[in-house]
Peer 1: 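After the structure tokens below, expect a handful of questions from me.
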2 protein chains.
Amino acid sequence: MNKADQIIQEIGERPTAVRTAVLGVLLNAGSALAHPEVLERLKNLGEFDRVTVYRVLEWLVIHGLAHKVAGTGRACRFQATHPDTTHRHAHFQCRECGKICCLTEIEPKLTNLPEHFTVESIELNIKGVCDDCGRHIPR
Amino acid sequence: MNKADQIIQEIGERPTAVRTAVLGVLLNAGSALAHPEVLERLKNLGEFDRVTVYRVLEWLVIHGLAHKVAGTGRACRFQATHPDTTHRHAHFQCRECGKICCLTEIEPKLTNLPEHFTVESIELNIKGVCDDCGRHIPR
DNA sequence: TCAGATTTTGCAACATAGTTGCATAAACTA
DNA sequence: TAGTTTATGCAACTATGTTGCAAAATCTGA
């Protein structure tokens, strides 16, 4: 059975064709994908409506199967939540290629947080130049 | 003389009417403002074109007089850089009222960053419920 | 397994956020 | 003050995302 299918069934929700396909795409991607990229990769798997894909991406986030990352551009990117990524981890976005990836080794530490704020999530976005681009592009 | 005017002159750039007005709005705001909010507040100061305001906001960022914060919505928010805010600081966005404010007391610490990534900026976004909303809205 | 209820999908239209090209206006320089 | 550069305003456009609604798919209980 499909990995994506399995994950959706495990949380007791309906593994429809679109959900399975979208989650599958996210699981296979090495980095966070923007909506157009997801749509592009779905073309190999069938015809899916862009609105439905938007809704499925939101659905995945609500059900904790993916998370939304705000990058440098205007578009949000989505990434499947792997069991080993906790709620508190960092994303790295490359200025050159725009790729976003999880840096699981980094644990953002909060010190001196004002007491009257209730914290629900922490996002640590690091921007710079990634390994690949740093090698190819002399600076 | 106007504070905004002065700041722009100090960096050796032209303090035009729009630039002074926009920077003034950002300086007076307690939190980061999205483009429509800036436009709204500018109405008291005269008629300004929305495209020009977009361009001025970008201009302020390029010249280091403001910084751009990605919030939960799609719109970017802009905040005047105060002398006491360093390049590495945190933003807090309230889930209820959407307000974004700087938390200068927090210093994001990076540990275990992979060596092959060149870091240019670090953004620590904390989401939750702010002081005001936490008091008014029982949860 | 069928009828009705619920959920999901697809389509069209709309909304929001931001960009581009270009002509005019303002500011600067010699 | 004339010419050059820079900034602004307007219109049109692109990108990203949302809403309403009807049709299709799925589920549930008899």
Side-chain angles (χ1 to χ4, degrees), chain A residues 4-5 8-9 11-26 32-43 45-63 65-79 93 98 100, chain B residues 2 4-5 7-9 11-26 32-43 45-63 65-79 93 98 100:
Chain A
D5 241 333
I8 295 171
Q9 290 204 343
I11 62 162
E13 293 290 334
R14 294 187 193 167
T16 66
V18 199
R19 289 176 185 170
T20 304
V22 172
L23 182 53
V25 164
L26 293 187
L33 301 181
H35 176 265
E37 293 162 345
V38 174
L39 220 54
E40 185 57 38
R41 297 185 188 203
L42 282 176
K43 280 189 186 154
L45 306 168
E47 275 297 307
F48 299 103
D49 186 67
R50 59 180 214 104
V51 177
T52 305
V53 172
Y54 271 118
R55 289 199 266 234
V56 167
L57 286 169
E58 282 305 322
W59 183 91
L60 289 172
V61 171
I62 288 169
H63 289 82
L65 303 184
H67 52 258
K68 210 174 181 172
V69 196
T72 50
R74 340 164 217 180
C76 286
R77 283 158 177 271
F78 296 85
Q79 180 159 42
Q93 177 161 35
I100 294 186
Chain B
N2 190 316
D5 240 334
I7 292 173
I8 295 171
Q9 290 204 343
I11 62 162
E13 293 289 333
R14 294 186 192 169
T16 66
V18 199
R19 288 176 185 170
T20 304
V22 172
L23 183 53
V25 164
L26 293 186
L33 301 181
H35 176 265
E37 294 162 344
V38 174
L39 220 53
E40 184 57 39
R41 298 186 186 202
L42 281 175
K43 280 187 186 156
L45 306 169
E47 276 296 308
F48 300 104
D49 185 69
R50 59 180 214 105
V51 176
T52 306
V53 172
Y54 271 117
R55 290 199 264 234
V56 167
L57 286 169
E58 281 304 323
W59 184 90
L60 289 172
V61 171
I62 289 168
H63 288 81
L65 303 184
H67 52 258
K68 209 175 184 172
V69 195
T72 51
R74 331 162 226 180
C76 286
R77 283 158 176 271
F78 296 86
Q79 180 160 42
Q93 177 161 34
I100 294 186

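Letters A, B, ... mirror the listed sequences (proteins, then strands); counts begin at 1.
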Peer 1: Roughly, in whole Å, what's the span from CZ in A/R77 to C1' in D/dT16?
Peer 2: 13 Å
Peer 1: What integer distance in Å separates B/E40:CD from C/dT16:C1'?
Peer 2: 16 Å
Peer 1: Considering only C/dG18, D/dT8, C/dA17, which nucleotide approaches the side chain of B/R50 most closely?
Peer 2: C/dG18
Peer 1: Counting distance only, does the side-chain N/O of B/H63 pair as donor-acceptor with the main-chain N or O of B/I8 below 3.5 Å?
Peer 2: no
Peer 1: Quick one: A/L57 CG to C/dT8 C1', roughly how many Å, whole number?
Peer 2: 15 Å
Peer 1: Quickly, which of B/L42, B/V38, B/V56 forms a side-chain contact (heavy atoms from CB on, under 4.5 Å) with B/F48? Name it, please.
Peer 2: B/L42
Peer 1: Would you say A/R19's side chain and A/R14's backbone share a donor-acceptor pair under 3.5 angstrom?
Peer 2: yes
Peer 1: For the side chain of A/R77 and the backbone of A/A32, is there at least one donor-acceptor N/O pair under 3.5 Å apart?
Peer 2: yes
Peer 1: Could you say whether B/E47 or A/F78 is positioned toward the 5' end of DNA chain D, judged by the nucleotide with the nearest heavy atom to each?
Peer 2: B/E47
Peer 1: Distance from A/L26 atom CG to A/L57 atom CG, nearest 0.5 Å?
Peer 2: 6.0 Å
Peer 1: Let me know the distance between CG of A/L39 and P of D/dG17, rounded to the nearest Å.
Peer 2: 12 Å
Peer 1: Specify the separation, in whole Å, of atom CZ of A/R14 and atom P of C/dT6.
Peer 2: 12 Å
Peer 1: Is it the case that D/dG9 (base atoms only) and B/R55 (side chain only) share a donor and an acceptor within less than 3.5 Å, ignoring hydrogens and angles?
Peer 2: yes
Peer 1: Rounded off to whole Å, could you give me the CZ-to-P distance for the A/R74 and D/dT14 pair?
Peer 2: 12 Å
Peer 1: Could you pick out which residue, A/H35 or B/R19, lies toward the 5' side of DNA chain D when each is mapped onto its nearest nucleotide?
Peer 2: B/R19
Peer 1: Grab the CH2-C1' distance between B/W59 and D/dG9 for me, whole Å please.
Peer 2: 18 Å
Peer 1: Using atom OH of B/Y54 as one end and atom P of D/dT14 as the other, report the distance to the nearest whole Å.
Peer 2: 17 Å
Peer 1: Establish, with yes or no, whether the OP1 or OP2 oxygen of C/dT9 is under 4.0 angstrom from a side-chain nitrogen or oxygen of A/T16.
Peer 2: yes
Peer 1: Side chain of A/D49 only, please: which of D/dT18, D/dT26, C/dG10 is the nearest?
Peer 2: C/dG10
Peer 1: Among D/dT16, D/dT8, C/dG18, which nucleotide sits nearest the side chain of B/C76?
Peer 2: C/dG18
Peer 1: Among the nucleotides D/dT19, C/dT20, D/dG17, which one has an atom lying closest to any side-chain atom of A/V51?
Peer 2: D/dT19
